[in-house]
Every structure is written in structure tokens, then in C-alpha cells.
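Heavy-atom basis, side chains included; hydrogens, waters and symmetry copies ignored.
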Amino acid sequence: MTNIVIIIVFWAILFIIAFVFLPLWRRHHDAVMGLYARTQDDNKLSVNYAMKKFNCKVSWEKDHEDLVAHYTYQGGHFGLRVEKNTPYVRLTYPFFFDVELEYIEAVRNVCNHCNLNTETSKVVYTVNEAKGVVDVHIVSELLISDNTVKEVMERAMKNIFRWQRVFVTKYNELKEASQKVYNHDLEKTVASQARELFLIREQEMMHQSDGPEWHEQPADPIRLRYLLATAMGLSDIVPARMVITQDTEVRILEEPDAILDYDIRQALIADGDFVHRSAVALLDYYDPRNPVKQRHLTMDFEQEGKAVDTLYYRVTLSIAPLSVRVSLIPDDLERQNLMTSVLLGYDLTPSERRVEEFRYVWKEALGKQKSGHVEEMSDDERLLMSIRNPNFALAILQGKALFEQQRYYESVFVLESLFKHLQPSLDKMGLTLQGAFMEVCYLIGACYTSLHQYKRAAYYLQLTLPAHRMLYTQTFINCLVNGDDFRAMTFIESYMQDLQSVVGEEHFEGVSGEMHEVAAFMGFLKRRKAYLLVRYERYEEAETLLKQLLDDPSNSSFALRELAYIQKKKAK
């Protein structure tokens with residue numbers, strides 16, 4: 001009997017120690033050791049404890065010095081990051097929603113609306129440029145301890161599910177209300193910071209063709225004569241008068257040379273900064289092709305934001321059409337309303353620094369080539385090495401970077417000068433330099449296509465066809481189609497006939513590599529042909545081709561839209 005009593009007393013003491021004294025000591029210990037005394041391992045142990053309470057299986061992995069956990073709770077996939085030297089843990093609910101990139105403005109507005117009302121959670125979005133979608137995530141910063149971890153995490157995850165429902169509901173409401181808005185993304189972006197730009201923005205290097213520099217600097221501005229010649233093709237006009245209005249200031253120029261030599265950045269910029277938000281210039285001039293009638297051109301100057309070393313501004317030019325008269329039919333070229341818009345960059349960075357940066361990259365590329373470490377070259381270094389002349393190498397790198405920034409006029413200025421230097425020696429070039437020449441032709445043609453100057457674009461793009469690159473060919477065909485060129489259908493049918501024996505009639509899945517590219521190119525040709533058939537109102541032929549495309553997952557959406565458009569036209 002005595003032994004039983006001893007055993008009972010022993011277990012009672014253990015029970016009191018385990019469930020009374022230890023929790024009290026732990027609570028006292030946590031209070032004494034302070035907030036930032038909790039270690040990464042402490043937080044990991046607390047999270048593991050909570051996961052057991054939730055009956056969740058958690059997997060841990062190392063990310064540099066952080067610990068990252070993944071688990072599923074009530075059907076939701078969560079992530080949790082435990083960092084060093086902080087008592088906080090970051091709970092994430094990633095990729096719970098995605099939408100097409102064109103609706104980024106709606107996503108942004110809903111995120112802002114939610115974040116004004118959340119406590120610890122924040123709704124954020126990221127842009128997946130490769131897929132063309134916007135992904136939405138919810139992030140929470142949590143302060144946990146051994147005693148509160150379960151309650152804190154459970155409450156946080158319930159809030160995340162609640163804000164997920166709120167976000168989807170608010171987005172659907174806003175999307176429905178925004179269907180009448182033409183451009184769903186109202187956020188302007190100016191000149192992305194591409195890697196190529198880092199190299200060439202540092203420079204106006206070594207040698208350039210004669211004439212004004214398009215990418216202007218304080219000592220080398222863009223004159224009006226170059227803007228008119230490049231943007232509007234007005235290279236031989238005779239100016240009569242120009243009136244420039246900046247806020248309440250009005251300036252009048254009447255000397256032809258003073259007008260053509262006008263430094264266009266003066267409309268908005270002075271002393272290295274913007275001094276006007278917008279300005280308007282009205283130019284009266286005579287065209288030598290019709291010297292009797294005075295023509296009128298309007299130029300609108302607008303700020304487009306600042307970067308670290310560049311001020312961006314946009315110039316929109318519009319020529320007023322002539323009135324109809326006996327000798328001028330309504331469809332005459334002089335009756336057309338010609339308009340274009342160009343983005344310019346005014347660099348503030350000294351040219352010396354750009355020279356040094358480019359020379360550094362050039363020397364790195366040369367060093368890797370001489371040491372046999374070609375596989376370690378970056379894309380920029382490979383491009384530079386493909387053209388051994390440093391002047392030409394820089395020009396193609398600069399033109400490519402400006403093209404990728406959609407700064408087409410600046411890109412054309414650089415690349416056309418390079419084209420002029422390269423074409424006389426084309427027959428003497430090696431294969432590498434010929435490939436670079438084709439790339440120059442493609443970039444110039446793509447620039448003019450984007451500027452809707454399709455005749456110029458077709459000249460350069462047709463030079464790339466012997467390279468047999470699908471990208472070049474697709475751009476050429478798009479140029480013909482968008483420019484309403486009568487040759488478009490002939491080229492398309494010719495390519496389709498050549499590829500028919502390779503791809504066959506049916507679109508097939510599961511292909512990879514080169515055959516996948518060929519099949520995709522055939523789909524592109526069919527889409528372009530269907531588009532032309534609809535334009536020519538050959539609806540029966542178009543419907544036959546579009547019904548074939550319905551069986552191709554990558555082309556079915558296009559086919560459905562075009563078939564619906566045909567039905568609408570037939571109904572009318």
C-alpha cells in the first residue's frame with residue numbers, strides 16, 4: 001500500500017511540474033529574454049508545434065540564411081519564411097489569383113483598396129512578363145511565441161482566406177465597370193532599364209555618322225530639322241513662322257534657319273530639369289512639292305517622367321490636311337491627316353563615364369575570348385565580339401537597347417547610320433558579320449513597322465528573308481499585312497505551301513524543338529491569312545480556315561473572335 005502511495009505522489013509531482021511550473025517558467029523566461037532574443041530555431045520550433053496542432057505536414061528548406069516552410073491548410077497552399085536576427089516570421093499565400101496583363105490597373109486599385117483596411121496582411125501583385133499575366137499574393141508579418149503561435153497563425157490564415165474572397169469580389173465588380181475603358185492599364189512606363197541600355201547609355205562613343213545626335217545631351221541637342229526629317233519625312237521644307245507657347249509665355253520665330261535650328265528640348269527643359277509640364281508649337285511652312293499652299297504642323301510637348309540620369313519627354317506631331325478643292329480630290333495624299341509621336345531622352349550623365357563603362361565591358365569580352373573562356377561571356381559580350389569594329393559593335397548594341405525600350409526613332413537613327421556603313425562591304429563579310437547585318441536590317445524594319453511606316457519597313461525586312469529566321473519572316477509578313485500591301489497574300493500562301501509537307505494539315509501536340517517552331521509558324525501564317533480574307537470580305541473562305549484553327553488550342557481563341565466578327569458583319 002505504501003508503494004502505491006509513493007507512486008501516486010511521484011506522478012502527481014511530475015504532473016504539477018510539467019503542466020504548472022514549466023509553463024510558468026517558460027512564460028517568465030519569454031518575458032525576461034526580450035523580443036529580439038528569440039532565435040531562428042525558436043521560431044522554427046514554434047511553427048512546428050503549430051503545424052502539429054493544425055494536423056498539417058510541413059516541409060522545410062534552406063534559402064541562403066533563411067528557413068522556408070511550405071504546407072497546405074484547408075486547401076490553401078501557404079509559405080512561411082523564418083529569417084535570421086528577427087522575431088518576425090513572414091506568412092505568404094502566393095499566386096491565389098492571376099489575370100491578363102491588360103487588367104493590371106484594376107488589380108492595382110483593388111490591392112490599394114484592400115490594403116487600406118487590412119491589419120497585418122498586405123495584398124501585393126507581381127507581373128509575369130513571360131506569360132503576360134499579373135499574379136496576386138497575400139503577405140503577413142507575424143510575431144509569434146510558444147504560447148501564442150497557434151492562435152496567431154490560425155487568425156492570420158482565416159484573415160487571408162477572408163481577404164482572398166474580398167479581393168476576388170471587388171475585382172469582378174471593378175472589371176465589369178471598366179469594360180468600357182479602352183486602356184485598362186493607365187500607368188505609364190518610360191524606357192525600361194534593360195541591361196543593354198546600361199552599357200550604351202553610358203556613351204556617345206568614338207564615332208558617329210555626321211549630323212545631329214538623336215539621344216541628346218546638353219552639348220549635343222536635337223534640332224527641329226532632324227525631328228521633322230526623321231519623324232515626318234519633312235527634309236526640304238521652307239519654314240515661314242513658328243509660334244511656341246509655354247504656359248503663359250509666347251515666343252515667335254520667323255527666320256527659316258532659326259526655326260530649323262531650334263533646340264527642341266528648350267520647350268520643356270532648362271538647366272538640367274523640367275521647367276514646363278507641357279508646351280505647344282505651331283509651324284507654318286511650304287513644301288517644295290507644292291510651294292503655293294502653306295501647310296500647318298502642330299507639335300505638342302509633354303513630360304514623360306524622370307530617371308536617375310535621364311529626363312524623358314514626348315513630342316506629338318500632326319500635319320493638318322488641305323481642304324478639298326477642284327484640283328485636290330478627297331483621297332489625295334495632301335488630304336491625309338498625318339500624325340506621329342516620339343519619346344526622347346535628355347541625358348544628364350557625363351559622356352566620359354559612359355565611355356569608361358563601355359570600354360570596360362569591351363575589354364572583358366576581349367579577355368575572355370583570348371583566354372578561351374567564350375562560354376563565360378554574357379549576351380552583351382557575345383554581341384560585341386560578333387562585330388570586331390568597336391564603333392559598329394557599340395552602334396548595334398545601342399540600337400538594340402533603344403528598340404527594346406520602344407524608343408524607335410532613336411534606334412532608327414543609330415541603326416540606319418550603321419546600315420549605311422555596312423552595306424557597301426556586304427559581299428566581303430564573313431558569316432558572323434553578315435548575321436549582324438541581318439540583325440540590323442531586322443531592327444530597322446521592326447522600328448518602322450512599329451511606327452506604321454510600312455513601306456520603309458518592308459524594304460529593310462525583305463533583306464532579312466535569306467537568313468530564314470522565323471522571327472524575321474513573321475515581322476515581314478506582319479508589316480505587309482498591317483500596311484495593306486498587295487503582296488501579303490502571295491507571300492503567306494507561298495510559305496504555307498512550302499511548310500505544308502513538313503507540318504501537314506493537322507496541328508499536332510507533343511512536338512518539341514524545331515518542329516514545334518515550324519508548327520507555331522504555320523499557325524501564325526493561317527491567322528494572318530484568315531485576317532486578310534476577312535479584310536477582303538471573303539467570309540466563306542475565312543470561315544473554312546478559321547474552323548480548322550478551332551482544333552488548335554494555341555489558335556482557338558483567335559478563331560472564335562474572328563468567327564464572331566464575321567457573323568456580326570454578315571448580320572449587318
Side-chain angles (χ1 to χ4, degrees), residues 210-216 218 220-270 274-304 311-346 407-410 412-413 416 448 451-456:
D210 296 334
E213 242 343 295
W214 187 273
H215 194 51
E216 60 183 329
D220 197 7
I222 295 177
R223 305 292 179 182
L224 182 62
R225 66 171 74 246
Y226 179 72
L227 177 67
L228 296 178
T230 306
M232 304 297 287
L234 303 176
S235 56
D236 300 315
I237 66 169
V238 180
R241 186 171 184 263
M242 185 167 74
V243 179
I244 306 157
T245 305
Q246 303 159 298
D247 298 331
T248 58
E249 303 174 18
V250 178
R251 181 183 178 189
I252 300 176
L253 300 178
E254 295 183 332
E255 288 293 328
D257 289 338
I259 294 174
L260 293 175
D261 289 334
Y262 178 71
D263 180 357
I264 63 173
R265 55 121 183 249
Q266 294 178 3
L268 301 178
I269 299 171
F274 287 118
V275 293
H276 301 286
R277 178 170 294 278
S278 62
V280 175
L282 302 177
L283 173 65
D284 301 329
Y285 68 94
Y286 293 95
D287 192 324
R289 293 171 294 183
N290 184 4
V292 177
K293 189 68 176 178
Q294 190 177 78
R295 303 297 303 272
H296 309 284
L297 182 143
T298 303
M299 290 173 283
D300 176 64
F301 299 80
E302 295 285 344
Q303 287 188 24
E304 283 290 340
L311 304 178
Y312 294 104
Y313 64 100
R314 183 176 296 280
V315 184
T316 303
L317 305 96
S318 177
I319 299 178
L322 294 178
S323 301
V324 177
R325 56 182 186 272
V326 176
S327 61
L328 188 68
I329 61 176
D331 293 333
D332 196 285
L333 290 176
E334 292 182 326
R335 280 282 304 148
Q336 295 181 5
N337 187 6
L338 302 177
M339 187 275 289
T340 191
S341 183
V342 55
L343 180 68
L344 299 100
Y346 177 69
R407 294 163 64 175
Y408 302 121
Y409 287 112
E410 295 171 79
V412 163
F413 176 80
E416 281 193 327
Y448 278 127
L451 296 170
H452 308 295
Q453 298 185 28
Y454 298 113
K455 290 182 180 180
R456 288 185 177 183

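Atom CG of residue Asp236 and atom CG of residue Leu228 lie 11.5 Å apart, to the nearest 0.5 angstrom. For the atom pair OH (Tyr262) and CD1 (Ile244), the distance works out to 4.0 Å, reported to the nearest 0.5 Å. Here the straight-line distance linking atom CD of Glu254 with atom CD1 of Ile259 works out to 8.0 Å at 0.5 Å rounding. Summarising the geometry, atom CD1 belonging to Ile319 is positioned 11.5 Å from atom NE2 belonging to His296; distances are rounded to the nearest 0.5 Å. To the nearest 0.5 Å, atoms NE2 (His276) and CG (Asp247) are separated by 5.5 Å. Remark: Ile222 CD1 to Tyr409 OH distance equals 12.5 Å, nearest 0.5 Å.
Counting all heavy atoms, side chain and backbone alike, Ala279 lies closest to Leu268 at N-CD2, 3.9 Å. The two residues Arg225 and Asp261 come nearest to each other via the heavy atoms NH2-OD1, 3.0 Å.
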Worked check of side chain to side chain contact (heavy atoms under 4.5 Å, CB included) between Leu317 and Leu227 | CA-CA 10 Å; Leu317 305 96; Leu227 177 67; 4.1 Å; yes

Leu260 and Arg223: CA distance, side-chain angles, deciding distance, side chain to side chain contact (heavy atoms under 4.5 Å, CB included) verdict = CA-CA 7 Å; Leu260 293 175; Arg223 305 292 179 182; over 6 Å; no

Starting from the C-alpha separation in whole Å, work towards a yes-or-no answer on side chain to side chain contact (heavy atoms under 4.5 Å, CB included) for Tyr285 and Leu234.
-> CA-CA 10 Å; Tyr285 68 94; Leu234 303 176; 4.0 Å; yes

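Annotation for Glu255: atom CD does not count as buried by contact number, only 12 or fewer foreign heavy atoms lying within 6.0 Å.
Taking Tyr313 as the reference, Glu216 meet the side chain to side chain donor-acceptor pair (under 3.5 Å) condition, with sequence neighbours excluded. Taking Arg277 as the reference, Gln303 meet the side chain to side chain contact (heavy atoms under 4.5 Å, CB included) condition, with sequence neighbours excluded. For Thr245, the side chain to side chain donor-acceptor pair (under 3.5 Å) criterion is met by no residue, not counting sequence neighbours.
The closest side-chain heavy-atom distance from Tyr286 to Arg295 is not below 4.5 Å. The side-chain heavy atoms of Thr298 and Asp300, taken from C-beta on, include no pair separated by under 4.5 Å. The side-chain heavy atoms of Arg456 and Glu416, taken from C-beta on, include no pair separated by under 4.5 Å. At least one side-chain heavy atom of Leu224 sits less than 4.5 Å from a side-chain heavy atom of Met299.
Under the 3.5 Å distance criterion, the side-chain polar atoms of Gln246 are matched with a main-chain donor or acceptor of Ala267.
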